[in-house]
Amino acid sequence: MLEKMDKNFVLPTYARNYVNFVKGSNARLKDSEGNSYVDFTAGIGVVSVGHANKRVSEVICEQVKRITHISNLYLIEPQARLAEKLVTLSGYDMQIFFSNSGAEANEGAIKIARKYGEVEGQPKRYKVITLEHSFHGRTISTLKATGQESMHNYFGPFPDGFVYATNIDAIEGMIDDHTVAVMIELVQGEGGVEPQDKEKVQALAKMLKKRDILLIVDEVQTGIYRTGELFASNLYEIEPDIITVAKGLGGGVPIGAVMSAKKDVLKAGDHGSTYGGNYLVTAAANEVLDILEGEKNSGALDAIMIAFERHVEKLAEAYPKIVTKSVGLGLMRGLRICDADTLNKILEASFKEGLLVLKAGRNTLRFLPPLTISKKEIEDGFEKLNRVFAAL
Ligand SMILES: *Cc1c(COP(=O)(O)O)cnc(C)c1O
């Protein structure tokens, strides 16, 4: 009934699983038939403080009873508070523009870079170097920024000015007079959960600073404590010019942000968003950040990360023929599986066992659990996963 309705009226852009979830609680979900699931996906890294988080849902309810939306033509109190909190916690001297998604945050970053390259110096600089296997979004320009040729099959002509480096080492050699920025993920999410080398990233940041080329770090997936620090940039001890965030920031409400150390590039009228940073989403994000800051400071977040990692490693060691490598950082983890067929079998069998997991790249099994996942939820999830691997 519901499946038919969906198929008749929703455009078929997703290879959907037609399960109907009706209730969630932290890292657990129930479907309409009463089946229970452990959720190692958190809505693709979005539900950072778990499903139906009591504190966040109460803040949302209280906020929408007063004001949901006003527009950015007026002061928005929770938006100003959220900007201050993000900047203070990050330790970076930046200002923030709020968007509604990761792709939009990256659009904002590209616009800041392009205007910077247009106003500063001669000739006009506009080229952005990104990495192969990167993922930066689904709008026309972020799709072009994404270094995967298979994503550029349709939808052209694309905007000019994006070039792809095979890896960090190849970036310097691709710089020319028109290069204005380099945009990277510190752990490629969709590309296979492979963290970049810290020293190489630090050397890259130093070289770019010297040449006045902006470093944009796409932290849409790695940001908001996913790798153990507020930003992966904090963990890598670098100072990017621009950071973009989205997924984990709102705990489920759609919010994105571009944080920029170049504060005076965009002037009134250069950029904007009708919804961006409204009362609903920024009130929620303030509470999400408070919760996660508390988890970080109490040591609970680190304990969860260690427990989760230990289970991932144990599984990898128990099945060396299936798992070729364990990858990732913090609660952004992956297991390289011997081949794509086996990975698809694992995905299917996990769902039947009542465990939600993700795929990244061609052959990586990916985990993005809520950052508040409990020890028991971790144990239950890996018990299911062990049954799946044992039956292969
Ligand atoms: C998910 C993601 C995006 C796109 O975010 P949307 O909210 O889907 O637009 C961009 N960059 C990275 C690194 C992502 O993981």
Side-chain angles (χ1 to χ4, degrees), residues 11 13-16 41-48 97-113 128-148 151-152 155 162 164-165 168 181-196 201 215-227 230-233 235-236 240 242-259 273 275-278 281 284-285 288 327-334 358-361 364 366-369 371:
L11 284 171
T13 58
Y14 303 102
R16 222 167 226 165
T41 73
I44 320 188
V46 166
V47 190
S48 49
F97 174 88
F98 289 100
S99 66
N100 309 286
S101 67
E104 257 185 279
N106 287 337
E107 287 276 350
I110 294 162
K111 279 180 74 174
I112 293 172
V128 178
I129 302 173
T130 67
L131 290 176
E132 282 180 13
H133 309 294
S134 57
F135 181 78
H136 298 297
R138 299 283 193 164
T139 62
I140 294 283
S141 51
T142 58
L143 206 53
K144 186 61 178 170
T146 293
Q148 302 182 44
M151 298 262 232
H152 307 151
F155 318 118
F162 294 98
Y164 318 112
I168 297 243
V182 167
M183 177 155 76
I184 58 168
E185 299 155 89
L186 293 174
V187 186
Q188 289 189 338
E190 308 303 313
V193 207
E194 185 82 44
Q196 296 291 354
V201 170
L215 175 60
I216 304 170
V217 180
D218 179 348
E219 297 236 26
V220 169
Q221 195 160 144
T222 54
I224 317 300
Y225 297 103
R226 179 56 61 186
T227 68
L230 178 68
F231 294 120
S233 298
L235 194 67
Y236 277 70
I242 298 172
I243 292 174
T244 57
V245 219
K247 291 191 167 85
L249 178 58
V253 298
I255 183 169
V258 47
M259 304 178 56
S273 165
Y275 290 120
N278 78 11
V281 297
V288 168
V327 287
L329 274 180
L331 284 174
M332 184 171 179
R333 306 219 72 99
L358 293 161
K359 178 179 175 171
T364 306
R366 177 169 52 148
F367 311 114
L368 290 171
L371 306 179

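Order of appearance sets the numbers: ligands from 1, and atoms from 1 within every ligand. This chain uses plain numbering: 1 for the first residue, then up along the sequence.
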Working for side-chain contact (heavy atoms from CB on, under 4.5 Å), residues Val245 and Met259:
CA-CA 8 Å; Val245 219; Met259 304 178 56; 4.2 Å; yes
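- If you look at Asn106 next to ligand 1, the close heavy atoms, those under 4.0 Å, all belong to the side chain.
- Without hydrogens or angle criteria, Arg366 side chain to Gly192 main chain gives no donor-acceptor distance under 3.5 Å.
- Within a 4.0 Å radius of atom 8 (O) of ligand 1, the protein contributes no non-hydrogen atoms.
- Near Ser101, meaning under 4.0 Å from one of its heavy atoms, ligand 1 places the atoms 7 (O), 9 (O).
- In terms of polar-atom proximity, Phe135 is counted as a contact of ligand 1, with an N or O under 3.5 Å from an N or O of the ligand.
- With ligand atoms numbered from 1 in the order given, ligand 1 contributes 15 (O) to contacts under 4.0 Å with heavy atoms of Gln221.
- For Tyr164, the OH atom is densely surrounded, since the number of other residues' heavy atoms within 6.0 Å is greater than 12.
- Side-chain contact check for Glu185 and Thr222: no donor-acceptor pair (N or O, by modelled atom type) lies under 3.5 Å.
- When atom types are taken as modelled, the side chain of Glu219 and the backbone of Ser233 share a donor-acceptor pair closer than 3.5 angstrom.
- Within the 4.0 Å heavy-atom criterion, neither part of Ala246 lies near ligand 1.
- By the criterion of a heavy-atom distance under 4.0 Å, the side chain of Glu185, and not its backbone, is placed next to ligand 1.
- Between Met332, Glu190, Glu104, Lys247, it is Lys247 that holds the heavy atom closest to atom 14 (C) of ligand 1.
- Among protein heavy atoms, the minimum distance from atom 6 (P) of ligand 1 is reached at Gly102 N, 3.5 Å.
- For ligand 1 and Ala103, the ligand atoms under 4.0 Å from any heavy atom of the residue are 4 (C), 5 (O), 6 (P), 9 (O).
- Residue contact check: Asp218 has heavy atoms under 4.0 Å from atoms 10 (C), 11 (N), 12 (C), 13 (C) of ligand 1.
- For the side chain to side chain donor-acceptor pair (under 3.5 Å) with His136, the lone residue among Thr244, Thr146, Asp218, Thr130 that qualifies is Asp218.
- The backbone N or O of Val281 sits less than 3.5 Å from a side-chain atom of Asn278, completing a donor-acceptor pair.
- The proximity of Arg138 to ligand 1, defined as any non-hydrogen pair under 4.0 Å, does not occur for either the backbone or the side chain.
- A donor-acceptor pair under 3.5 Å links the side-chain atoms of Gln148 to the main chain of Ser134, judged by distance alone.
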